[in-house]
Amino acid sequence: MSETTARAAESMRTAHDTAEYDVPSYAEWDRAQPYATWASARARTAVQPVPPGMGGSRPGHHVLRYAEAEEVLRDPETFSSRINMEHIGQFHGEMIVGMDGAEHRAYRNLVAHAFRASKLEHWGPDLIEPVITDLLDRIAPLGKADLVADVTGRYPVQVILTIAGVPRDDHERFAVWAEHLNLGPLDPPRGFAAKDAMRAYLKPIIEARRAQPTGDLISEIVHAEIPGPNGAMEKLPDERIYGFLGLLLPAGAETTFRAMGNCLYALLTHPEALARVYADRSLLHNAVEETLRWESSVTMVSRVATRDTVVGGCPIAAGAPVGVITASCNRDEARYENPDEWDLDRPLGNLMTFGTGPHQCLGMHLARLELRAGLSAILDRLPNLRLDPAVAHPEIVGYPFRGPATLPVLFG
Ligand code: HEM
C-alpha cells in the first residue's frame with residue numbers, strides 16, 4: 001500500500017470509528033449509561049478516536065483496554081497530566097493531579113505519608129466509626145431511609161473534613177461545593193462560585209493554622225516546605241495551598257460517596273450475596289473490590305500526548321487529549337470473565353479504578369477503609385436491608401462520575 005493510500009485508509013478508519021462512538025454531551029452527563037458504547041468500541045479497538053470535547057478544540061482518543069491504559073499511565077513523559085490544569089484545574093486550583101515530573105513528586109510527597117495504609121489504622125476507631133455511628137443513630141429507629149441522602153452523601157465528606165481539620169458540622173456546604181467543583185465543566189459559573197465560596201470559607205482556617213498548627217492536614221500543608229526556584233526551601237504559595245485543598249476535599253468526598261452508593265446498590269440488587277455478607281463479614285472485602293471493578297465511581301482520567309506516538313496500533317499526534325477510560329478497562333474481556341456481571345466470588349485482582357503510575361490515587365487506602373467500615377456498620381445497625389418496593393427502582397447513572405442518585409430502603 002502506498003503511503004497516500006495508507007493515510008487515506010487510516011483517516012477513513014478514524015472517521016468511521018469517531019462517527020460510531022457516542023460521547024455524551026455535558027448536558028447528558030448526569031444520566032448517561034456509557035458501558036454499552038465502551039464495550040462495543042472495546043471489541044474492535046483498544047484506542048478509540050473521539051471528537052473534540054473536554055480537552056478543548058482538539059480531537060482526541062479514548063483508551064478502552066487494560067494493557068494499553070497501563071502503557072499510557074505509566075509513561076508520564078509521553079502522556080502529560082497538564083491537561084487537568086486546563087479543564088478541572090480552573091475550578092479546583094493548581095493541583096497535583098495536573099502536575100508532571102519533579103514538581104509533581106515534590107508536592108505529592110508532602111501529603112503522601114498522611115495517606116499511607118499504615119497511617120490509617122487509627123482513623124478507623126477514632127474518626128470513621130464515630131461519623132458513621134452518628135449517621136446510623138438517626139435512621140436506625142425509622143425502619144426506612146434513603147441511604148444516599150441520609151448516609152453516603154454525609155459520610156465520606158465528614159471523614160475528609162475531619163482529617164483536614166475543618167469542622168465536620170459544615171459538611172453540607174462542602175458536599176455542595178465538592179459536587180459543583182467536580183462538575184465544573186457542566187456549569188462553569190456554578191463551578192467558579194463554588195471555588196470562591198470554598199476559598200473564602202477556608203481562608204480564616206488557613207490563617208489560624210499558620211499562626212498555630214494543630215496537627216491536622218491543613219496545618220501540615222501550610223507549614224510544609226519544598227525547594228524553591230533557587231534551591232532554598234520555601235513555604236507553599238497560597239495558590240498551591242488552595243489547590244491542594246480544592247482537590248483533596250472534593251476528591252475525598254465525591255468519589256467515595258458515589259462508590260459507597262454503588263456498593264450498596266450491588267448488594268441490594270443481589271439479595272443472595274447480601275445474605276451471605278450479613279452472615280460472614282469477611283466477604284465485605286470481596287464485595288467492595290468487586291464493586292470498585294464493576295461500577296467505578298470515577299470512570300476516566302485525562303492526559304495529553306507530548307509527542308507523536310502509537311498506542312494499541314493507533315497513531316496519536318502530539319497535543320492530542322487522551323482519556324483513559326478506567327471503567328472500561330475494569331470490564332476488559334481479556335482480563336475478566338463475564339465482566340458485566342457483579343460476582344461476589346470473583347477472584348481478587350488488580351483494578352484500574354484508582355489509576356496506575358505516578359498519579360495513582362493517594363486516597364485509595366482511605367477509600368477502601370471507609371467503604372468496608374461504613375458498610376459493616378450499616379449491616380450491623382440495619383438488619384434485613386432491602387430496596388423499598390413502593391419507590392421506583394434506583395439506577396447507577398453518570399458519565400465521568402457514576403453512582404445512584406437515591407437508594408430508598410426498608411430494614412428491620
Ligand atoms: C472510590 C474512591 C476513589 C476513586 C475511584 C478515586 C480515583 C482516583 C483516580 C482514578 C486517580 C488518578 C488520577 C490520574 O491519574 O490523573 C486519583 C487520584 C487522586 N485521588 Fe482518588 N479516588 C478515590 C478516593 C480518594 C480519596 C478518599 C482521596 C482523599 C484524599 C483521594 C485523593 C486523590 C488525590 C489527591 C489524587 C491525585 C494523586 C496525584 O495526582 O498524584 N481519592 N483518584
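Counting starts at 1 for both ligands and their atoms, following the listed order. Remember, it's a predicted structure, so these values are computed and weren't measured experimentally.
- At the top of the distance list for atom 24 (C) of ligand 1, counting protein heavy atoms only, stands Thr255 OG1, 3.2 Å.
- For Arg331 and Tyr35, the positive end sits near the middle of the six-membered ring, less than 6.0 Å away and at most 45° from its axis.
- Ligand-side atoms of ligand 1 in range of Leu248: 30 (C), 35 (C), range being under 4.0 angstrom from any heavy atom.
- With Glu28 contributing its side chain and Ser25 its backbone, the two residues share a donor-acceptor pair below 3.5 Å.
- With a 4.0 Å heavy-atom cut-off, ligand 1 is reached by the side chain of Ala259 but not by its N, CA, C or O.
- The protein heavy atom nearest to atom 36 (C) of ligand 1 is Leu362 N, 4.1 Å.
- Ranking the protein heavy atoms by distance from atom 13 (C) of ligand 1 puts Val301 CG1, 3.7 Å first.
- Scanning the protein for heavy atoms near atom 22 (N) of ligand 1, the closest one is Cys361 SG, 3.1 Å.
- Protein heavy atom closest to atom 29 (C) of ligand 1, with residue, atom name and distance, is Gly252 CA, 3.6 Å.
- Between Thr353 and ligand 1, not a single N/O pair is under 3.5 Å apart.
- Ser376 places no side-chain N or O within 3.5 Å of a backbone atom of Ala373 that could act as its donor or acceptor partner.
- Remark: side-chain polar atoms of Thr326 are not paired, donor with acceptor, to backbone N or O of Gly355 under 3.5 angstrom.
- Which parts of ligand 1 touch Phe115 is read off a 4.0 Å heavy-atom cut-off, strictly below it: atoms 30 (C).
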Exercise for review: Might you work through the salt bridge (Lys or Arg N to Asp or Glu O under 4.0 Å) test for Arg293 and Glu289, ending with a clear yes or no?
Suggested key: CA-CA 6 Å; Arg293 181 200 68 80; Glu289 293 301 305; over 6 Å; no
Point to revise | Stepwise salt bridge (Lys or Arg N to Asp or Glu O under 4.0 Å) test for Asp170 and Arg173 | key: CA-CA 6 Å; Asp170 287 332; Arg173 59 175 109 177; 3.7 Å; yes
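- Remark: minimum distance from atom 4 (C) of ligand 1 to any protein heavy atom is reached at Phe354 CE2, 3.6 Å.
- Listed by number with element, the atoms of ligand 1 under 4.0 Å from a non-hydrogen atom of Val97 are 13 (C), 16 (O), 40 (O).
- Aromatic ring centres of Phe174 and Tyr201 lie closer together than 6.0 Å.
- Counting the atoms of ligand 1 from 1 in the order shown, those under 4.0 Å from a heavy atom of Gly355 are 10 (C).
- Under the 3.5 Å distance criterion, the side-chain polar atoms of Arg154 are left unmatched by any main-chain donor or acceptor of Glu172.
- Backbone and side-chain nitrogen or oxygen atoms of His359 are examined, and one is located within less than 3.5 angstrom of a nitrogen or oxygen of ligand 1.
- Not less than 6.0 angstrom separates the ring centroid of Trp29 from the ring centroid of Phe401.
- Contacts between Arg108 and ligand 1 below 4.0 angstrom, taking non-hydrogen atoms only, involve the side chain exclusively.
- Using a non-hydrogen distance threshold of 4.0 Å, Arg303 registers as a contact of ligand 1.
- Ligand 1 lies within reach of His104, whose nearest heavy atom is under 4.0 Å from it.
- The closest protein non-hydrogen atom to atom 28 (C) of ligand 1 is Gly363 CA, 3.5 Å.
- Remark: the backbone N or O of Ala197 is not paired with any side-chain donor or acceptor of Trp177 at under 3.5 angstrom.
- If you look at Ile96 next to ligand 1, the close heavy atoms, those under 4.0 Å, come from the backbone and the side chain alike.
- A donor-acceptor contact shorter than 3.5 Å is absent between the side chain of Arg368 and the backbone of Leu366.
- The shortest separation from a heavy atom of Thr326 to ligand 1 is not under 4.0 Å, leaving the residue out of contact.
- Within the structure, the closest approach of Ser297 to ligand 1 falls below 4.0 Å when heavy atoms are considered.
- Inspection of the Thr356 and Arg74 side chains reveals an N or O donor paired with an N or O acceptor under 3.5 Å.
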